[in-house]
Structures are given as C-alpha cells and as structure tokens.
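Input: a single structure, listed below in structure tokens.
Each chain gets a letter, A, B and so on, in the order its sequence line appears, and its residues count up from 1.
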Number of protein chains: 2
Amino acid sequence: MATPNGQDASCCIPLTAAPITPDDATELSRKFKALADPTRVRLLSLVAAHEGGEACVCDITEPVGLSQPTVSHHLKILVEAGLLGREQRGTWAFYSVVPGALGHLSDVLRDPTARDAQNLVTT
Amino acid sequence: MATPNGQDASCCIPLTAAPITPDDATELSRKFKALADPTRVRLLSLVAAHEGGEACVCDITEPVGLSQPTVSHHLKILVEAGLLGREQRGTWAFYSVVPGALGHLSDVLRDPTARDAQNLVTT
DNA sequence: CTTCTAGATAGACAACCGTCGATGGAGGAC
DNA sequence: GTCCTCCATCGACGGTTGTCTATCTAGAAG
C-alpha cells in the first residue's frame, strides 16, 4: 500500500546483514502480521495451490471450517498486506497470490551465512 | 519447541506448492507471529548484525528506544519461537540467531513459479 | 419486477498483545 | 558482609485481533 508495485525500501537486504531501519521494520512486520495467523497461512496456501493459482471464497471457506464473513475478513487482511490480489468476475471474487510478494519476504529472511539452499545452481 | 532441532514437518515444502496442513499452518504462524512486530524485527536484525553475531540486552535496549523489561519480553518471544538462542555468560545474557531458523522460513516462502531471485546465474 | 447466490460490511464480544513501572534474583566488585 | 549492574518476572493498563451473527450490496436467473 506504500507503493504501487509493493516493492518498498526493504526489498533486497537480508535482515541479518545489517540493522534494519525502523521504517523498514514496520513495513516488514506488517506483512509478517498478515501471516501470523494459522487460518491466513492456510488460506494463502489454499489459494496458491488451487487450480489456476486462484480461488473464490466459496472454494476455500469449507476447507478452513470458519464462517464466510471470517474468511472474507482474513482475505482482506492478506490483500491489504500485498500478499493476495482480488479480481471480481461476475458474482465471484477470485483471489490469487501477488507475484513476487512471497519471494520478497523469502529474500529478506535468507541467511547470507548459510550457503545451502540458495546455491543449487553452482558449477 | 516441538522438536529439539527446530525442524518440524513444515520444513521444506513451499507454502504455494500444496495446501498446508492445519498443524503445519499453526506451527508456521507461531514463527511469523514472532516476526509480526516492528520491535522484534529490529531486535532480530540488531542481534544478527551485531559483532560476533550475538548481543546482550544492554547492547540493543538503547537502539530500539524501549524499556529494558519490554526488550526482555520481546527477546523471550523470539527465543520461544526458535528464532533466537540465549546463552548466559556471567551477568550478561547473550542472544544469537539460531542457525537455519530464518533459512527455514525463507524456503517455505519461496515461490516455485517465480524464477527470478534464485536463478541470477543463468546465461 | 422478484428471488437467489456470492460476498462484503457492521457491530459486538472475549481473548490476546505491547508497553510500562516496580520488584526480584544472580554475579561481580569492594 | 554491602553495593552495584544486568536481566527476568510480575501486575496492570489500553489497544488490537479473531470470531460470530445479522445485515447489506451486487450480479444472475426467472
């Protein structure tokens, strides 16, 4: 919500490389806050893994076992955090993962001292 | 807290690859909850970027501008989430990032469909 | 028009969270 | 022993959050 493309100042520097600025910490924590609930983690996963990478509310309400307003509420939080996008088609609202949003968080959390997971392509 | 080494069931599968189980979602969200506060993000970053990769409470209380009990409270939450470790040496308590803890989260958030950040070495 | 369905919004309530000041406890210096 | 420093814990306070039911809007079908 800070910038149109969602790429703000804390875009590339791992958390562990240098002390993060207060502003960047606030912005980062807003995204983690969206992931700080088991239901929202499940919703994000359900949407991402759904056919075509998108899902409507009716597709995911029953799996999580909560009321429809509660699911809408959680989806709104994920959208406002910039993790999900919403597209209305007719009566249905389709949600999908914003490209690069999770990758951004993944990069920030990457530990520069651990040389395991990210160097798969060496040689 | 679930297992000694902190590597639980949600260890390697990206969130977006398949629907996460409710238990894994709960476990994951507990770690994100620890990062869902700007102060804790800053503390984690300050500890990681501090000389030797460790810091005592007195090193990081003044930078965040909060009372010492509040800082201790946040550090405890980060420890209980398995992100920080604590070692007492004399009067001082030294905190350091648990090796692999952030990398684990980074892997879970990695988007398998986005071939940008991790494949910089192509061509 | 009416009716049905998908979804968002509003309001309420209990539970949780971040912060503080005050206190307690363990080492080190003397 | 006394004193001081570093840090954890306690209790309290206001603000936020997750969930519900009830209601509202918008589109599709008749």
Scoring nucleotides 1-18 of chain C by protein non-hydrogen atoms under 4.0 Å (B base, S sugar-phosphate only, - none) yields ----BSBBB--------S
Return the set of residues passing side-chain contact (heavy atoms from CB on, under 4.5 Å) with T26(A) (not counting sequence neighbours), or none when no residue passes.
P38(B)
Connected-component partners of F94(B) among ILVMFWY, side-chain separation under 4.5 Å:
W92(B)
Applying side-chain hydrogen bond (donor to acceptor under 3.5 Å, both in side chains), can you list everything that pairs with S106(A), at least two apart in sequence or on another chain?
S106(B)
Using a 4.0 Å cut-off to any heavy atom of chain B, which nucleotides of DNA chain D are the first and last in contact, reading 5' to 3'?
dT5(D) to dT9(D)
Among residues two or more places apart or on two chains, list those pairs meeting salt bridge (charged side-chain N to carboxylate O under 4.0 Å, His left out) that have a residue in residues 42-66 of chain B.
E54(B)-R89(B)
Any heavy-atom pair between the side chains of E80(A) and R30(A) that's under 4.5 Å?
no
Return the CG to OG distance between L35(A) and S29(B), rounded to the nearest 0.5 Å.
9.5 Å
Drop me the distance from L75(A)'s CG to C56(A)'s SG, to the nearest 0.5 angstrom.
10.5 Å
